[in-house]
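Remarks on the structure that follows.
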Amino acid sequence: MNLRTWLYIPLILAVTASSPVLAAGERAAVQRALKITALDWEPYTGSSMVHGGNAIQHLRTILGQCNIDLQVEFYPWRRAQQIAHQLGYLGFFPAWPIEVGDGFVSSGEVTPSHLALMAMADSDVQVDEIDEAFASHRIGIVKSYIYPERFQSLLQRFPDSIDRGASSELSLLKMLSMGRFHLAVSDPTVMEYLAIRHGIDDVRVARMLFEEPLVIAMRDEPDNHWPELSLRINCNTLFNIICIMRSAET
């Protein structure tokens, strides 16, 4: 995937000036913390889920291996983005790269997500060609989402086919189950999870569209980053950069 993202390392990851210089391969004894805001987008992220959701658990595991504690505050999506601008926050998560707007910079990929055309299991709708599906069917989307660029072109080409009535993934699922539209655009993991949780008849993938990375939208402020590095998020990356930057200070 040719996606250029910058991994910024927040200042709070650096050891204090009074700490001894870390030799390569050593780990800091003092646990540090990162604070992010998040939305409920189950099962990736969820305030009522164990460990905060699958993606949060994955990120927390990576950071925990580096002796970094992840603190997560859940808010409605717009509120989560607003609060993430404040001092002391690394940023907000999860976001598609297109959602990383002014004042933020994208991390590397934390975990992949997918977009697909979803249908009810008992629906006879078949999708062989994506353009044909958009030309022939009413398709539901979540009105507040900023969808990836590859999908934006479809929205622009087939505006009369798009139903923007859903305010959330759950309302999108309910509208699909009631027959308001025959297809809905969603991450299959999200819609299948919600269908099981809320006892709605089975849903199915009518056609996969594409994979899109989930990233952290990181505050682009002097207190919150080191020089850009085009790297993926993982424990070794974080620790090595801490060592390199700390050594450079001496």
Side-chain angles (χ1 to χ4, degrees), residues 5-13 31-64 68-115 140-148 151 164-175 184-187 189-194 197-198 212-225 233:
T5 56
W6 299 116
L7 176 60
Y8 278 49
I9 304 303
L11 188 59
I12 55 178
L13 286 179
Q31 189 173 50
R32 295 168 295 276
L34 291 175
K35 184 163 61 174
I36 63 173
T37 62
L39 80 158
D40 285 307
W41 197 47
E42 299 175 345
Y44 289 103
T45 57
S47 55
S48 63
M49 296 187 68
V50 177
H51 305 300
N54 299 341
I56 292 291
Q57 182 180 12
H58 176 64
L59 182 57
R60 181 175 280 119
T61 298
I62 292 172
L63 297 177
I68 298 169
D69 179 47
L70 180 65
Q71 300 173 1
V72 185
E73 297 178 4
F74 287 91
Y75 299 98
W77 187 224
R78 297 305 179 196
R79 183 67 175 150
Q81 293 173 308
Q82 293 170 356
I83 291 177
H85 277 283
Q86 298 178 12
L87 188 70
Y89 290 88
L90 170 65
F92 64 87
F93 175 78
W96 290 317
I98 196 173
E99 295 176 294
V100 181
D102 293 342
F104 293 92
V105 64
S106 176
S107 74
E109 178 180 315
V110 176
T111 190
S113 67
H114 299 83
L115 276 185
I141 66 172
V142 179
K143 62 183 178 182
S144 62
Y145 283 7
I146 302 175
Y147 286 92
F151 184 67
R164 301 175 183 269
S167 60
S168 66
E169 292 278 0
L170 181 56
S171 66
L172 184 71
L173 171 61
K174 289 180 177 179
M175 289 177 181
V185 177
S186 180
D187 183 305
T189 301
V190 174
M191 185 163 279
E192 289 168 357
Y193 175 89
L194 292 175
R197 179 175 177 179
H198 294 276
E212 191 73 6
L214 294 179
V215 302
I216 305 171
M218 308 173 77
R219 249 185 342 108
D220 188 16
E221 297 293 340
D223 70 290
N224 202 44
H225 67 78
I233 290 183

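Heads up: numbering here begins at 1 and tracks the sequence. Model, not experiment: these values are computed from the prediction.
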Quick one: pull up [atom1] in [X] and [atom2] in [Y] and give me the separation to the nearest 0.5 Å.
X      : Y      : atom1 : atom2 : value
Ser106 : Asp220 : OG    : CG    : 11.5 Å
Glu42  : Arg197 : CD    : CZ    : 4.0 Å
Ser168 : Asp40  : OG    : CG    : 11.0 Å
Leu214 : Glu99  : CG    : CD    : 9.0 Å
Phe93  : Thr111 : CZ    : OG1   : 7.0 Å
Arg164 : Lys143 : CZ    : NZ    : 11.5 Å

Given side-chain contact (heavy atoms from CB on, under 4.5 Å), test Tyr193 with Glu169 step by step and report yes or no.
CA-CA 11 Å; Tyr193 175 89; Glu169 292 278 0; over 6 Å; no

Would you kindly say whether Arg60 and Gln57 are connected by a side-chain donor-acceptor distance under 3.5 Å?
no

Could you check if a side-chain atom of [X] sits within less than 4.5 angstrom of a side-chain atom of [Y], using non-hydrogen atoms only?
X      : Y      : value
Val142 : Tyr147 : yes
Ile216 : Leu59  : yes
Ser113 : Thr189 : no
Leu115 : Trp96  : yes
Pro94  : Val110 : no
Tyr75  : Gln82  : no
Glu212 : Pro97  : yes
Ile36  : Ile56  : yes

Please answer whether the main-chain N or O of [Y] pairs with a side-chain N or O of [X] as donor and acceptor at a distance below 3.5 Å.
X      : Y     : answer
Thr45  : Leu39 : yes
Arg219 : Gln86 : yes
Asn54  : Tyr44 : no
Thr37  : Ala80 : yes

Grab the two heavy atoms, one from [X] and one from [Y], that are nearest each other, plus how far apart they are.
X      : Y      : answer
Ile141 : Leu172 : N-CD1, 3.6 Å
Leu194 : Leu170 : CD1-N, 3.9 Å
Arg78  : Ser144 : NH2-O, 2.8 Å
Ala184 : Met191 : CB-CE, 4.2 Å
Pro213 : Glu109 : CB-OE1, 3.4 Å
Pro43  : Val190 : CD-CA, 3.9 Å

Step by step, would you call Asp187 with Trp41 a side-chain contact (heavy atoms from CB on, under 4.5 Å)?
CA-CA 10 Å; Asp187 183 305; Trp41 197 47; 4.1 Å; yes

Results of side-chain contact (heavy atoms from CB on, under 4.5 Å) for His85 - residues two or more places apart only
Phe104

